[in-house]
Amino acid sequence: MSQQQVYKQITENREETDNNVLVQVDHMKKYFPIKGGILKRTVGHVKAVDDVSLTIHKGETLGVVGESGSGKSTLGRVILRLLEPTEGKILFEDNDISHLGNRKLRDYRKNMQIVFQDPYASLNSKMSVGELVEEPLLVNTSMSKSERKEKAVDLIEKVGLRASDRTKYPHEFSGGQRQRISIARALALNPKFIICDEPVSALDVSIQAQVLNLMADLQDEFDLTYLFIAHDLSVVKHISDRVAVMYLGRIAEIAPKKSLYDNPLHPYTQALLSSVPSTDVKNRREKIKLSGDLPSPANPPSGCVFRTRCPRAHDRCSVERPELTNMGDGHYVACHLYDNTDT
Amino acid sequence: MQSNSQETLSTHPEMEPREEQKKSKSPFQLALRRFMKNKLAVISVFVLLTITTTCALAPLFTDLDPERTNLLLIEQGPSDEHILGTNGQGQDNFARLLYGGRISLIVGFSAMFFTLAIGVILGSISGYYGGKIDGVIMRAADIMLMLPFLVLALTIIAIIEELTIPLFITIIALTSWPNLTRIIRGTYLSLREQEFVLGARAIGASDIRIIFRHFIPNAIGPIIVNATLMMATYIIIEAGLSFIGFGIPQPTPSWGNMISEAMNVRILREHPEAWVPPGLAIFITVLSINFIGDGLRDAFDPKSKER
């Protein structure tokens, strides 16, 4: 490493601490091996997350959108270390947690929690609401039974359920209420960071709004940082400060919300935004229709992964992989249409 | 427009009419309630309880020693003193029926418990951890399943010089664990992919906790059902092995032993009171255990009823 690079790194680090970075993902890859044949040899890899770097600042909500198979859920699970990254680093408050063992991870688990998508599969149906909310306290703290009960009642009321619901079981609740239980459970340890893995996509639209508002309220009250995963741009627009668009395991574009929605740069983001139904007749965008299907993440296209469906693809796209380029004001895009400057 | 509607909506939970129950039922209590609605199963529980208590309280019903021989009273018909007559050794058949029931039920129950312990431990390890250890356990199970049970059991019993009841139970359990182990492993494999297990890992729960608090309660249905049905099988196995003389050693009575004692054309023809009661006892016990097992299956998995 040259002198200059070291200097650059130091200044970068300083910048990041100034900016209150909570989570930093650095060139992270997660490949799932495909085993085949009688001997179960690895015959290939599903590149669920392929070289993703991003930072999440304290107190912000970073929305992650992408179609199914884009690796957004895998990204969340690797950050939480429910899965081990194949390559790259995950820094939580400047501590590298990418390869910690289970015991050491436990300390970090208190700070990071997750709310899952399916409210019917994410709660153990054999445990009462009280037991479910108290479980994180039982596992991680030395609180007494009465302290735990008190805290559980407090949390249950915080998420908008009744204290009397403590003795009930998940099957007595609707999807939205179950998601509130999941949120209470995630909040039990006073985490700093919560990964919301499509928390509202299984809910009715009216209930989606209630749960989203609840999450926004809780963010203010507990000073939370969210990584909000969704496949729905309108949901992300409501809650996020910044939005990352993922395609086939890579980040296509990441930008502050306003900048991304008003001025999408990546052809994929443009296509996604144009497909959102709008009630605004005057400013209706022209619909960009994408042809073809999402390519297999086991065998992604060379160069830019989006080129097979991109209406503006050119020769260079099949050869060279585009890097995220800063377009100013924290708006990054990975597309050859915008990085002409250095060629 | 959407954001407008979102602001006007309260953050309070959906105000749908929720009927206020006095007490909410746990999934286990719900299963129990479904079980109680199954008449055949409930009757079977009573029948089995009656048989069990009668055998357990055998001294209250007869003063005779089931093992005491009396060569002066061989193959007697029913009389006031010997309600079901005596066998070829002059032992009282009625006393042997009651005390033999003790042995048969104890063997069935203990062997079931033993198998359950092996099955839960090995099945949990196999299903939870997977990988190499899973491969080893499953291949061992395959090998056990490959060997014909009867031949294996007979060989072991033949080698052992002095067969005691605990030894007999151990042999049965050690030769028939693979079925339950496989069932538990299979249930775990489907549970492992569910989000609540991932959620438990996310809060930092230990493996032991995940197995005991999350896997076993969710796998309890198939475990209980199969364990119950297994007990019925073990009672049959005990009777079968005793019948061919490889079971509970004489003079200890068991239902299988009693039928074995009557294996003689003359007794079969002239003294039905010697072999019908133990045969009927085995039949009724096994039948009620099977009915209970079916009832439990329907109770734990309500969907299985809609056949």
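All values derive from a computational prediction rather than experimental measurement. No hydrogens, no waters, no symmetry mates; every other heavy atom, side chains included, goes into these values. In what follows, chains are A, B, ... by sequence order, proteins preceding strands, each numbered from 1.
- No other option in A/R81, A/R77, A/M112 has as many heavy-atom pairs under 4.5 Å with chain B as A/R77.
- Other residues, nucleotides and ligands place no more than 12 heavy atoms under 6.0 Å from the CE atom of B/M36.
- When the shell of 6.0 Å around CZ of B/F28 is examined, it contains 12 or fewer heavy atoms from other residues, nucleotides or ligands.
- Of all residues spanning residues 128-139 of chain B, none has a heavy atom less than 4.5 Å away from chain A's heavy atoms.
- Not counting sequence neighbours, A/K126 has no partner by the salt bridge (charged side-chain N to carboxylate O under 4.0 Å, His left out) test.
- Applying the ring-ring contact (aromatic ring centres under 6.0 Å, His included) test to A/Y120 and every residue at least two apart in sequence or in another chain returns nothing.
- For residues 199-215 of chain B, the interface with chain A (any heavy-atom pair closer than 4.5 Å) comprises B/G199, B/A200, B/R201, B/A202, B/I203, B/G204, B/A205, B/S206, B/R209, B/R213, B/H214, sorted by residue number.
- Shown here for B/P27 and A/S125, the closest heavy-atom pair between the two residues is CG-O, 3.1 Å.
- Contacts of A/R185 with chain B are made by side-chain atoms alone, with heavy-atom separations under 4.5 Å and no backbone atom involved.
- Neither the backbone nor the side chain of A/L132 comes within less than 4.5 Å of any heavy atom of chain B.
- Open room surrounds NZ on A/K149; 12 or fewer heavy atoms of other groups in view lie less than 6.0 Å from it.
- Counting non-hydrogen atoms of other residues, nucleotides and ligands closer than 6.0 Å to CZ of B/F113 gives a total of 12 or fewer.
- For A/L82, the part sitting under 4.5 Å from any heavy atom of chain B is the side chain, from C-beta outward, and nothing else.
- In this structure, the portion of A/Q113 lying under 4.5 Å from any heavy atom of chain B is its side chain and not its backbone.
- In this structure, chain B has no heavy atom under 4.5 Å from any part of A/S128.
- Atom NZ of A/K237 sits in a sparse spot, with 12 or fewer heavy atoms from other residues, nucleotides or ligands closer than 6.0 Å.
- When heavy atoms are compared at a cutoff of 4.5 Å, A/N140 approaches chain B solely by way of its side chain, counted from C-beta outward.
- Residue B/L191 does not touch chain A at all, counting heavy-atom pairs closer than 4.5 Å.
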